[in-house]
Number of protein chains: 2
Amino acid sequence: MADVAEAAGVAVSTVSRALRGRPGVSSAQREQILRVADELSYSVSASASRLAGGRTGAVGVLVPRIDGWFHSTAVAGLQERLHEHGLDLVLYRLQGREERTGFFTRRAFRHRVDALVVVGTTLTPDEEELLAEAGLPVVGISTRPSGRPFADVDDRAGAAGATRHLTNLGHERIAILRSTTLLGTHGAVSHDRYAGFCGAMAERGLDVPEAYVVSAPWGLEGGAQAMAELLSAATPPTAVFAESDEVAIGALRTLRRSNVEVGRTMSVIGFDDHQLAELLDLSTVAQPVHEQGRTGGDLVVEALEHGRVAEPERVLPTRLVVRGTSAGH
Amino acid sequence: MADVAEAAGVAVSTVSRALRGRPGVSSAQREQILRVADELSYSVSASASRLAGGRTGAVGVLVPRIDGWFHSTAVAGLQERLHEHGLDLVLYRLQGREERTGFFTRRAFRHRVDALVVVGTTLTPDEEELLAEAGLPVVGISTRPSGRPFADVDDRAGAAGATRHLTNLGHERIAILRSTTLLGTHGAVSHDRYAGFCGAMAERGLDVPEAYVVSAPWGLEGGAQAMAELLSAATPPTAVFAESDEVAIGALRTLRRSNVEVGRTMSVIGFDDHQLAELLDLSTVAQPVHEQGRTGGDLVVEALEHGRVAEPERVLPTRLVVRGTSAGH
DNA sequence: GTGAAAGCGCTAACAC
DNA sequence: GTGTTAGCGCTTTCAC
């Protein structure tokens, strides 16, 4: 910065003001300084800036995992927006109980990022409190940290829509495949989708016997296994709502191997509109993942620039996508 | 740090030494200091540390995209190792020509990370030179920056293996589906796999007519389209080697829709062992993606800790996975 | 509108 | 083995 100041014939403080867009610099100076800085391909040191009370220009992203369709797509959308605003993205993975507590108690992120974005995992009250102490803006993507801005979909409504689609087709014996997280519990998303399912069933006065609610670890294998369990029931269902497409795809595999005709003997609907859903002709509830990421980016940028967010609760629409795996009964 | 020093009754320099594991502190002191720091849940300011000539404790990761199976899986493996060594991961996306040049000329990463990892994209000589000027350690994952350590597979050998598998099954008319990147060119991986294919064909004295070499944009759609082109050839091939599984899966879709019996009329083999390959019973060449990420992490850690890497060229093995889509002719 | 100067929290000499 | 101290490159009062 000293170099730029010298080249522009001004003091470093003026350069700092110009580069940060602060008032107190004549527009002629400002323009010239920006030009010089560009010629010297100069960029401020994030460390020094942060140390002196400024910004790091980076946002921390908390994900339970980065491989996997949902999280990587959301992060891609987020990254897009952050990049547009010159913000770097620091990736923090929160996997397993210890990694999480370590992260929140150590709070090493305080000195590294200006804000945090939580993607697709529910924070415990303890975790939320520790974050609050750090005093950073926090934004949720596909999760709703209490009192914080978020970008999400209405899982409950989406699940209800999927269920109504099945009941409208004449199905009455409908099962639900629920998923557990790495910690062996049901996440908030699982609860919401389950609630939506139950609500829509109740609307029609349809019963949900215990045997029709199957939980298995999230993923293809879990879905395959859960479906096998359903097929061995005394009276198998005629339709299945899977909490997510990956689970639904696992279920489809079991059905195919069992020679059950999908779309005739058994209807299946998922949730997400995973890239594969189209390929496998799977009916599903589409949610805009990339856009949730982008919207989350908007929220952070707004929080960082204005200190507050005008419209902090962004609920994006889901969309029923009817394909070949769901049909009349 | 001053707080810790006071609480431990020592000078800040001693605390600094203890925390960074440097010599010059009695082990009793060191232990006590670490305990105190832990009690105060203290963590060093990365910014201040960096500014004073230390490390940022972060590694920059350059990916052309983060959604998509390969890159997110490799990043997950890398992240795992970095985390084990207390290193943060800063994600830089390099998409499109301008974004790339901007990144390399601006060099904002200099003040933010201690090293860079390039994942799955080939650097131009210009880019490599700009990186060299920055003076940071650079490591490649699934790419081989000149003169830098890397973790990769032998694409050529893998492709040759896949091709030999087909020729061993009796196929003689074998086509290859090549992919272009977002920039419309063939990447290094594409060239290597093509070379491996040609080599294996030449070994058997088999001809590769021009019509049997089809290029299309990378991805499912590209594969579908390329396969359609092949099917409309005067004499269609009896087997196809697709440069990647995603392309192969696109090809499978076209074959299914055209009622071509896969594994009988037409054999297909891919490359990668994508999660879906198993589901779709696709023969392929498996490459250890997660492990390439982890190995890349090892390389960075070694470069950062010892200044140099003992064994800088890590070529991990590929493995032929024969499934239902490839069969005798 | 602009410049000078005091730190921000650390590391790395350098003394002891 | 330990303490003292001079910066690292910025931002931000505070004078002018």
Side-chain angles (χ1 to χ4, degrees), chain A residues 1-34 36-37 40-58 86 88 106-114 134-135 304, chain B residues 1-34 36-37 40-58 86 88 106-114 134-135 304-305 307:
Chain A
M1 185 175 275
D3 296 350
V4 177
E6 198 183 357
V10 296
V12 287
S13 50
T14 307
V15 175
S16 175
R17 281 189 279 256
L19 258 36
R20 313 192 73 230
R22 314 232 79 151
V25 191
S26 68
S27 53
Q29 275 291 19
R30 183 182 302 272
E31 202 175 315
Q32 196 231 351
I33 289 171
L34 289 175
V36 172
L40 271 51
S41 75
Y42 165 86
S43 63
V44 303
S45 158
S47 316
S49 172
R50 169 60 227 251
L51 190 54
R55 292 274 157 81
T56 63
D88 283 345
R106 206 174 316 285
R107 277 171 297 169
F109 55 84
R110 270 176 317 174
H111 306 291
R112 185 165 320 273
V113 300
D114 300 329
L304 248 26
Chain B
M1 183 175 276
D3 296 350
V4 178
E6 197 184 357
V10 296
V12 286
S13 53
T14 306
V15 175
S16 175
R17 281 189 280 257
L19 257 36
R20 313 190 73 229
R22 317 231 72 151
V25 190
S26 68
S27 52
Q29 276 290 18
R30 184 182 303 272
E31 201 175 318
Q32 196 231 350
I33 290 171
L34 289 176
V36 171
L40 272 51
S41 76
Y42 166 85
S43 64
V44 304
S45 159
S47 317
S49 174
R50 169 61 227 252
L51 191 54
R55 293 275 158 79
T56 63
D88 283 345
R106 206 174 317 286
R107 279 171 294 169
F109 55 83
R110 270 176 318 174
H111 306 292
R112 186 170 310 280
V113 299
D114 300 329
L304 249 26
E305 285 182 356

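All heavy atoms count here, side chains included; hydrogens, waters and symmetry mates do not. In what follows, chains are A, B, ... by sequence order, proteins preceding strands, each numbered from 1.
- Distances shown here put every side-chain N or O of B/Arg55 at or beyond 4.0 Å from the OP1 or OP2 atom of C/dT11.
- When each of D/dG9, C/dT11, C/dT2 is scored by its nearest atom to the side-chain atoms of A/Thr14, the top-ranked nucleotide is C/dT2.
- Heavy atoms of B/Arg20 sit under 4.0 angstrom from primed sugar atoms or phosphate atoms, though from no base atom.
- For the pair A/His111 NE2 and C/dT11 C1', the interatomic distance rounds to 16 Å; values are reported in whole Å.
- The side chain of A/Arg17 sits closest to D/dT13 out of D/dT13, D/dT11, C/dC10.
- One can place CZ of B/Arg22 at 17 Å from P of D/dT2, the figure rounded to the nearest angstrom.
- Closest contact between the side chain of B/Ser26 and the listed nucleotides D/dG1, C/dC10, C/dC8 involves D/dG1.
- Residue B/Gln29 places none of its side-chain N or O atoms closer than 4.0 Å to OP1 or OP2 of D/dG1.
- Here the C1' atom of nucleotide C/dC8 and the CZ atom of A/Arg50 are 9 Å apart, to the nearest Å.
- Note on B/Ser13: a base of the nucleic acid sits closer than 4.0 angstrom, heavy atoms only.
- Rounded to whole Å, the distance from CD on A/Gln32 to P on C/dT2 is 10 Å.
- Atoms CZ and CZ, on B/Arg55 and B/Arg20 in that order, are 7.5 Å from each other to the nearest 0.5 Å.
- A distance of 3.5 Å separates OG1 in B/Thr56 from CG in B/Asp114, rounded to the nearest 0.5 Å.
- Of the listed nucleotides (D/dT11, D/dT2, C/dT2), D/dT11 has the atom at the smallest distance from the side chain of A/Met1.
- To the nearest angstrom, C1' of D/dG1 lies 17 Å from CD of B/Glu31.
- In this structure, the side chain of A/Arg30 engages the main chain of A/Arg22 through a donor-acceptor pair within 3.5 Å.
- For the residue pair A/Arg107 / B/Ser41, a side-chain donor-acceptor distance below 3.5 Å is found, with atom types taken as modelled.
- Distance from the side chain of B/Ala11 is smallest to D/dG3 among D/dG3, C/dC10, C/dT2.
- At D/dT11, one or more side-chain N or O atoms of A/Ser49 fall inside 4.0 Å of OP1 or OP2 (strictly under the cut-off).
- Between B/Leu51 and A/Gly24, it is A/Gly24 whose nearest contact on DNA chain C lies nearer the 5' terminus.
- Put simply, the side chain of A/Ser47 never gets that close to the backbone of B/Leu51: no donor and acceptor are under 3.5 Å apart.
- Across all strands, A/Arg30 comes closer than 4.0 Å to no nucleic acid atom at all (heavy-atom distances).
- Atoms CD (B/Glu6) and P (C/dC10) sit 14 Å apart, rounded to a whole Å.
- Contact between the side-chain N/O atoms of B/Tyr42 and the OP1/OP2 oxygens of C/dC10 is found at a separation under 4.0 Å.
- Closest contact between the side chain of A/Val25 and the listed nucleotides C/dG9, D/dT2, C/dT2 involves C/dT2.
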